[in-house]
Novice: 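Mind looking over this structure? Questions follow.
As a basis for the values below, the full set of heavy atoms in this structure was taken, side chains included, without hydrogen atoms, waters or symmetry mates.
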Amino acid sequence: LGTETVQEFRVETNAYGAEYGRMSGGQINVITKSGSNTLRGTAYEFHRNDALDAKNYFDTAGKPPFTRNQFGLTLGGPVRRDSLFYFVGYEGLRENLGRTITSEVPDLNARHGALADPARPGEFFNLGVHPAVAPYLNAYPTPNGASLGDGTAVHSFQFDQRIDQNFLQGRVDYNLSPSSQIFARYTLDDADQRLPTDYPQFPRAFVSRNQFVTAELKQAYTTNFLGIYRLGYSRTRVGQDVEADTTLPPFVAGRPFIGNIDVGGLRRFGTQSSANLRLRQDVTSLQGDLVWNRGGHLFRMGALAERYVQDMVNPTFSLGTYVFANLRAFLLNTPTSFIGLTPAASFERHWPF
């Protein structure tokens, strides 16, 4: 979001200058809009819905709903004519997208411990269901689609996928003198996204909140000698929240949810390896550049210093994952492996550098 706050941008893919030498891949330079002596602004909204949408092949329960609103406004102008200016911009996104999720589940015969005999088509052999597995087998949704002939069948459900995002940016420009200019800018980008997994009991949400502060001074010492000094600070926070709409006990004592069950021929049943996750990175940077124009030559030199601090709460594998080679092994409760963390495991990490 925030395209209405952008004045211009430049993409570099090779032959980088020295200031980009520490990075690989494409480099994107963005110049944001600033105010002027004229009061100007914009307001807009883009709306989409499902009025002209068609049902796709997997939408067995009818056409899912869809609405999307993307809206915003900008305003810029003078605080003090010819010297002090402001510019603010906001953009929001609200999207609700109905999706049909299709996955495989144990069929009705398998739920009673009966699997097809591959050597005798049309006949079944009864394995039974191990008592320890029965609560987890019953937690799988019942099939509502075609049988796949290998002890599994299709299950489809509709999910309302939601995105809420807000973008805000403010900038102030001040002409200290004919040869000195300074600006300060603050940017906030906040988003929440609710997404499905392969089974309806385990939706998850991705959250992010990014903040950036930049201040820059341009000082023309002579007609051909320019200094540019920039101070920046950014805080990036991302995370994931998981849900488990089930009363099944956790695999690891003290954990809030059950873990995952991987059965050959089926999708992962559970919270997708991770519990609630949080990552945060703080970056403070100080940069100075000197530009000297001498005849037909341009000389540029500078320095950049940055300090990174990272904090993480990463409980990946904390809920535990049982792996079964196939549906037969699952019914008999003979897993090939279990991956998990002990109840006393620590999830917090801190890296200052």
Novice: Where do Glu306 and Ser285 come nearest, in terms of heavy atoms and distance?
Specialist: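 Looking at all heavy atoms of both residues, the shortest contact is CG-CB, 3.6 Å.
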Novice: Out of Tyr136, Phe324, Phe330, Tyr140, which residue meets the ring pair (Phe, Tyr, Trp, His ring centres under 6.0 Å) rule with Phe269?
Specialist: Tyr140
Novice: At what distance, to the nearest 0.5 angstrom, does CG of Leu231 lie from OG1 of Thr214?
Specialist: 8.5 Å
Novice: Tell me if the CE atom of Met312 is crowded by more than 12 foreign heavy atoms within 6.0 Å.
Specialist: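 Yes.
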Novice: Mark yes or no for whether Lys33, through its side chain, and Phe87, through its backbone, hold a donor-acceptor pair below 3.5 Å.
Specialist: no
Novice: Report yes or no: does Glu216 contribute a side-chain atom to a donor-acceptor pair with the main-chain N or O of Phe183 at less than 3.5 Å?
Specialist: no
Novice: Got a sec, which pairs hit salt bridge (charged side-chain N to carboxylate O under 4.0 Å, His left out) with one end in residues 273-298, sequence neighbours left out?
Specialist: Arg235-Asp282, Asp241-Arg278, Arg280-Asp282, Arg280-Asp311, Asp289-Arg300
Novice: Search all heavy atoms of Leu332 against all heavy atoms of His130 and return the closest pair with its distance.
Specialist: O-CD2, 3.9 Å
Novice: Between Arg94 (side chain only) and Gln165 (backbone N and O only), is there a donor and an acceptor less than 3.5 Å apart?
Specialist: yes
Novice: Return yes if some donor-acceptor pair links the side-chain N/O of Asn109 with the main-chain N/O of Leu115 below 3.5 Å, else return no.
Specialist: no
Novice: Give, for atom CG of Leu93 and atom CZ of Phe71, the distance between the pair rounded to the nearest 0.5 Å.
Specialist: 8.0 Å
Novice: For His297, does the NE2 atom sit with more than 12 other heavy atoms under 6.0 Å from it, leaving out its own atoms?
Specialist: no
Novice: Do Gln281 and Leu279 have side chains that approach each other closer than 4.5 Å (heavy atoms only, starting at C-beta)?
Specialist: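 When only atoms from C-beta onward are counted, Leu279 and Gln281 do not touch, as no gap falls below 4.5 Å.
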Novice: Between Pro143 and Pro106, what is the shortest heavy-atom contact and its length?
Specialist: CD-O, 3.8 Å
Novice: Is the number of heavy atoms from other residues, nucleotides or ligands under 6.0 Å of Arg328 CZ greater than 12?
Specialist: no
Novice: How many angstroms lie between atom CG of Leu286 and atom CZ of Arg307, to the nearest 0.5 angstrom?
Specialist: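 So the gap between those two atoms works out to 14.0 Å.
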Novice: Does Asp164 pair with Arg162 as a salt bridge, N-O distance under 4.0 Å?
Specialist: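 Salt bridge flag = yes for Arg162 with Asp164.
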Novice: Please determine, by modelled atom types, if Asn37 and Asp82 share a side-chain donor-acceptor pair under 3.5 angstrom.
Specialist: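 Asp82 and Asn37 do have a side-chain donor-acceptor pair below 3.5 Å.
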Novice: If you measure only the distance, is there a donor-acceptor pair under 3.5 Å linking the side chains of Tyr233 and Gln211?
Specialist: no
Novice: Within this structure, what is the CZ-OH distance for the pair Arg80 and Tyr174, rounded to the nearest 0.5 Å?
Specialist: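 Nearest 0.5 Å value for the CZ-OH distance: 5.0 Å.
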Novice: Can you tell me how far the CZ atom of Arg267 sits from the OH atom of Tyr199, to the nearest 0.5 Å?
Specialist: 7.0 Å
Novice: In a check of side chain to side chain contact (heavy atoms under 4.5 Å, CB included) between Leu331 and each of Asn326, Val263, Leu137, which one passes?
Specialist: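 By the side chain to side chain contact (heavy atoms under 4.5 Å, CB included) criterion, Leu331 pairs with just one of Asn326, Val263, Leu137: Leu137.
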Novice: Mind checking whether Asp262 and Thr321 have side chains closer than 4.5 Å, heavy atoms only?
Specialist: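 Asp262 reaches Thr321 side chain to side chain.
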Novice: Please evaluate residues Leu341 and Arg255 with respect to the criterion side-chain contact (heavy atoms from CB on, under 4.5 Å), reporting the C-alpha separation (whole Å), side-chain torsions for both, the decisive distance (0.1 Å), and the verdict.
Specialist: CA-CA 10 Å; Leu341 301 180; Arg255 302 285 189 262; 4.0 Å; yes
Novice: Do the non-hydrogen side-chain atoms of Arg204 and Thr271 ever get within less than 4.5 Å of each other?
Specialist: no
Novice: Please check: side-chain N/O of His155 versus main-chain N/O of Thr142, any donor-acceptor pairing under 3.5 Å?
Specialist: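 Here the side-chain-to-backbone pair exists.
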Novice: Looking at His112 and Ala114, would you say the former's side chain and the latter's main chain have a donor-acceptor pair under 3.5 Å?
Specialist: no
Novice: More than 12 non-hydrogen atoms from neighbouring residues, nucleotides or ligands closer than 6.0 Å to CD on Gln7, yes or no?
Specialist: yes
Novice: Say whether, by atom type as modelled, one donor and one acceptor occur between the side chain of Thr334 and the main chain of Ala329 under 3.5 angstrom.
Specialist: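 A pair under 3.5 Å: yes.
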Novice: Kindly say whether Val242 contributes a backbone atom to a donor-acceptor pair with the side chain of Asn276 at under 3.5 angstrom?
Specialist: yes
Novice: What I'd like to find out is whether the side chain of Thr152 reaches to under 4.5 Å of the side chain of Asp107, using heavy atoms alone.
Specialist: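 No, every pair of side-chain atoms sits at 4.5 Å or beyond.
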Novice: Step by step, would you call Leu75 with Leu39 a side-chain contact (heavy atoms from CB on, under 4.5 Å)?
Specialist: CA-CA 7 Å; Leu75 184 65; Leu39 181 64; 3.8 Å; yes
Novice: Flag yes if more than 12 heavy atoms outside Lys218 fall under 6.0 Å of its NZ atom; otherwise flag no.
Specialist: no
Novice: Just checking, any donor-acceptor pair under 3.5 angstrom between side chains of Gln181 and Asp173?
Specialist: no
Novice: With Glu95, which of Gln70, Arg48, Arg68 fulfils side chain to side chain contact (heavy atoms under 4.5 Å, CB included)?
Specialist: Arg68
Novice: Let me check something: do Val105 and Phe124 share a hydrophobic cluster, defined by ILVMFWY side-chain heavy atoms less than 4.5 Å apart, either directly or through other members?
Specialist: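 No, because Val105 and Phe124 fall into different hydrophobic clusters, even though each may have its own neighbours under 4.5 Å.
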Novice: Can you tell me if Ser180 uses its side chain to pair, donor with acceptor, with the backbone of Ser177 under 3.5 Å?
Specialist: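 No, because the side chain of Ser180 does not come within donor-acceptor range (under 3.5 Å) of the backbone of Ser177.
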Novice: Return yes if some donor-acceptor pair links the side-chain N/O of Asn144 with the main-chain N/O of Ser156 below 3.5 Å, else return no.
Specialist: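 It does hold such a pair.
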Novice: Within a strict 4.5 Å, meaning less than it, do heavy atoms of the Glu243 and Arg194 side chains meet?
Specialist: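 Contact flag for Glu243/Arg194 side chains = yes.
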Novice: In the structure I gave you, are the side-chain heavy atoms of Leu176 and Leu217 within less than 4.5 Å of one another anywhere?
Specialist: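 Yes, side chains in contact.
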Novice: Can you measure from CZ (Phe225) to CH2 (Trp292) and round to the nearest 0.5 angstrom?
Specialist: 8.5 Å
Novice: Side chains of Phe347 and Ser318: closer than 4.5 Å at any heavy-atom pair?
Specialist: yes
Novice: Verify the distance criterion only: is there a donor paired with an acceptor across the side chains of Gln310 and Tyr308 at less than 3.5 Å?
Specialist: no
Novice: Grouping I, L, V, M, F, W and Y whenever their side-chain heavy atoms are under 4.5 Å apart, do Val207 and Val313 come out in a common cluster?
Specialist: no
Novice: Evaluate the side-chain contact (heavy atoms from CB on, under 4.5 Å) criterion for residues Leu290 and Tyr229: first the C-alpha distance (whole Å), next the side-chain angles of each, then the deciding distance (0.1 Å), finally the verdict.
Specialist: CA-CA 9 Å; Leu290 296 175; Tyr229 311 98; 3.7 Å; yes
Novice: Side chains of Val323 and Pro335, heavy atoms from C-beta outward: is any pair under 4.5 Å?
Specialist: no
Novice: Just wondering, are more than 12 heavy atoms of other shown residues or ligands nearer than 6.0 Å to CZ in Phe9?
Specialist: no
Novice: Between Arg171 and Thr32, is any side-chain donor less than 3.5 angstrom from a side-chain acceptor?
Specialist: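 Per modelled atom types, Arg171 and Thr32 side chains form a pair under 3.5 Å.
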Novice: For the residue pair Ala132 and Asn333, what are the closest heavy atoms and their distance?
Specialist: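 Minimum heavy-atom separation between Ala132 and Asn333: CB-ND2, 3.8 Å.
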Novice: Please tell me whether Phe317 and Leu277 are part of a single hydrophobic cluster in this structure, the criterion being side-chain heavy atoms less than 4.5 Å apart.
Specialist: no
Novice: Ignoring hydrogens, what is the shortest heavy-atom contact between Glu104 and Gly265? Give both atom names and the distance.
Specialist: CB-O, 4.1 Å
Novice: Could you tell me which non-hydrogen atom of Leu188 sits nearest to which non-hydrogen atom of Tyr186, and how far apart they are?
Specialist: CB-OH, 3.8 Å
Novice: Give a yes or no on this: more than 12 heavy atoms of other residues, nucleotides or ligands lie within 6.0 Å of atom CZ of Arg99.
Specialist: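 No, the 6.0 Å shell around CZ holds no more than 12 heavy atoms from other groups.
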